[in-house]
Amino acid sequence: VEIKDSGVEWIGKIPCHWGIGKLYQYSEMSNGSTPSRVKPEYWENGTIPWMSSGEINKKKIRVIDGRITQEGFENSSTKLLPIGTVMMGLNGQGKTKGTVGILEIETTCNQSLCGMIFNDCMNPMFSYYFLDSQYYHIRGLVGEGKREGISVSFLGRYPLVVPPLKEQQQIVDYLDEQTQKIDKTISIEEKRIELLKEYRQSLISEVVTGKLKVTTDE
């Protein structure tokens, strides 16, 4: 395809028929909040899912561990986010800051997470994959320090590539298929590594306890 300069240095060239914009132009963005911890009536026997920052590392978020009550929900500024919302961690010195996930369940969230509800021009899964690819760049822009978080206003100005919707879906389908293959390979290799670790430990134990004789030839 014919390509053009995107006008964004780190994105480089893109197909001529693709657009480029800012996140705030294509999504409704907001962070959540935490109901007062000193009020047990906001938390005890809660039924409304409430997502903490660490749960962003689940990536495709199907299960939420935390719960708040209806009273807690009504007395905080957190919102109920729909399925398909793209989430990003705003703070944290570890992996959390800049990490993206996508909701497969309705939930509220804390103030260290940003929820992005994309409009009809954007496929949420495409937006998720794009922002996932920008993880290190976004972290680099705000710094690695513990106090240097990402603000919603900063994130809103971040560039976004905008292919036609049909191409967005084609890209999502391709990446879903390929990443599933890679994840399967990773799982197999992780199991092999675990077996090798078990064999290593067993070998050491058998040799040092005399169950396996070591000869000079060996």
Side-chain angles (χ1 to χ4, degrees), residues 22-120 122-132 134-136 138-158 160 179 183 187 190 194:
K22 307 285 187 183
L23 277 172
Y24 79 87
Q25 296 173 308
Y26 292 91
S27 68
E28 177 188 335
M29 308 174 70
S30 64
N31 55 347
S33 71
T34 302
S36 174
R37 293 282 188 182
V38 299
K39 296 199 173 185
E41 61 269 26
Y42 291 176
W43 297 91
E44 290 180 1
N45 302 313
T47 58
I48 300 171
W50 181 82
M51 182 178 170
S52 62
S53 303
E55 292 183 291
I56 194 73
N57 295 302
K58 296 175 181 176
K59 304 297 280 183
K60 294 182 179 179
I61 302 153
R62 302 179 178 95
V63 177
I64 299 295
D65 298 329
R67 293 287 187 276
I68 58 175
T69 63
Q70 183 66 34
E71 189 175 354
F73 176 74
E74 292 171 356
N75 285 278
S76 69
S77 58
T78 194
K79 299 176 182 177
L80 190 63
L81 301 169
I83 292 170
T85 302
V86 178
M87 308 294 295
M88 179 178 287
L90 300 177
N91 299 297
Q93 195 172 16
K95 291 168 52 181
T96 302
K97 182 170 63 179
T99 297
V100 291
I102 187 164
L103 295 184
E104 296 184 0
I105 182 176
E106 288 186 338
T107 186
T108 60
C109 69
N110 72 12
Q111 64 276 11
S112 296
L113 292 167
C114 176
M116 291 166 273
I117 304 170
F118 284 89
N119 63 26
D120 293 340
M122 296 302 301
N123 182 313
M125 274 302 298
F126 175 85
S127 306
Y128 160 79
Y129 277 127
F130 175 78
L131 289 170
D132 194 38
Q134 301 298 300
Y135 171 74
Y136 290 107
I138 291 172
R139 285 178 66 96
L141 288 176
V142 298
E144 292 288 341
K146 188 178 290 186
R147 295 182 180 179
E148 293 163 320
I150 303 167
S151 69
V152 174
S153 59
F154 167 85
L155 188 60
R157 296 191 298 273
Y158 197 79
L160 176 72
T179 54
D183 289 343
S187 178
E190 285 176 342
E194 284 304 308

Counting N and O atoms only, with roles assigned by atom type, does the side chain of [X] sit under 3.5 Å from a partner on the main chain of [Y], one being a donor and the other an acceptor?
X	Y	result
T107	P49	yes
T78	C109	yes
S77	G32	no

Any chance you could lay out the side-chain contact (heavy atoms from CB on, under 4.5 Å) test for M116 and S127, step after step, and finish with the verdict?
-> CA-CA 9 Å; M116 291 166 273; S127 306; over 6 Å; no

Those residues at least two apart in sequence (or on a different chain) that pass side-chain contact (heavy atoms from CB on, under 4.5 Å) with D132 are K59, V100

What are the two closest heavy atoms between [X] and [Y], and how far apart are they?
X	Y	result
P82	E106	CA-CG, 4.1 Å
K22	R157	CD-O, 3.0 Å
L160	F130	CD1-CD2, 3.6 Å

Enumerate, atom names and distances included, each donor-acceptor pair closer than 3.5 Å involving a side-chain atom of residues 34-44, sequence neighbours excluded.
| from | atom 1 | to | atom 2 | distance (Å) |
| --- | --- | --- | --- | --- |
| T34 | OG1 | Q111 | OE1 | 2.7 |
| S36 | OG | V38 | N | 3.3 |
| W43 | NE1 | S36 | O | 3.0 |

Taking only residues two or more places apart in sequence, or in another chain, which ones meet R62 in a salt bridge (Lys or Arg N to Asp or Glu O under 4.0 Å)?
-> E104

With sequence neighbours excluded, what pairs up with E194 under the salt bridge (Lys or Arg N to Asp or Glu O under 4.0 Å) test?
-> K197

Flag the pair L23 / F118 as yes when at least one side-chain heavy-atom distance between them is below 4.5 Å, and no otherwise.
-> yes

Point-to-point distance, once rounded to the nearest 0.5 Å, from [atom1] of [X] to [atom2] of [Y]:
X	Y	atom1	atom2	value
C114	L90	SG	CG	5.5 Å
T99	I138	OG1	CD1	10.0 Å
I64	I48	CD1	CD1	13.5 Å
S153	Y158	OG	OH	15.5 Å
L81	L103	CG	CG	6.0 Å
M88	S112	CE	OG	14.0 Å

Please list, one pair per line, the donor and acceptor atoms closer than 3.5 Å that link side chains of residues 51-58 to other protein atoms, with sequence neighbours excluded.
| from | atom 1 | to | atom 2 | distance (Å) |
| --- | --- | --- | --- | --- |
| S53 | OG | N110 | ND2 | 3.1 |
| E55 | OE1 | S52 | N | 3.1 |
| E55 | OE2 | K58 | NZ | 2.9 |
| E55 | OE2 | D65 | N | 2.7 |
| N57 | ND2 | G54 | O | 3.1 |
| K58 | NZ | V63 | O | 2.8 |

Taking everything shown except D120 itself, do over 12 heavy atoms lie less than 6.0 Å from its CG?
->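 It does not: D120 CG has 12 such atoms or fewer within range.
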
For N45, does the CG atom have more than 12 heavy-atom neighbours from other residues, nucleotides or ligands under 6.0 Å away?
->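 No, because the 6.0 Å sphere around CG of N45 holds 12 heavy atoms or fewer from other groups.
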
With T69, which residues qualify under side-chain hydrogen bond (donor to acceptor under 3.5 Å, both in side chains), at least two apart?
-> none

From CA spacing to verdict: side-chain contact (heavy atoms from CB on, under 4.5 Å), K97, I150 = CA-CA 8 Å; K97 182 170 63 179; I150 303 167; 3.8 Å; yes

Could you give me the CA-CA distance, side-chain angles and deciding distance for K60 and M125, then say whether side-chain contact (heavy atoms from CB on, under 4.5 Å) is met?
-> CA-CA 10 Å; K60 294 182 179 179; M125 274 302 298; 4.0 Å; yes

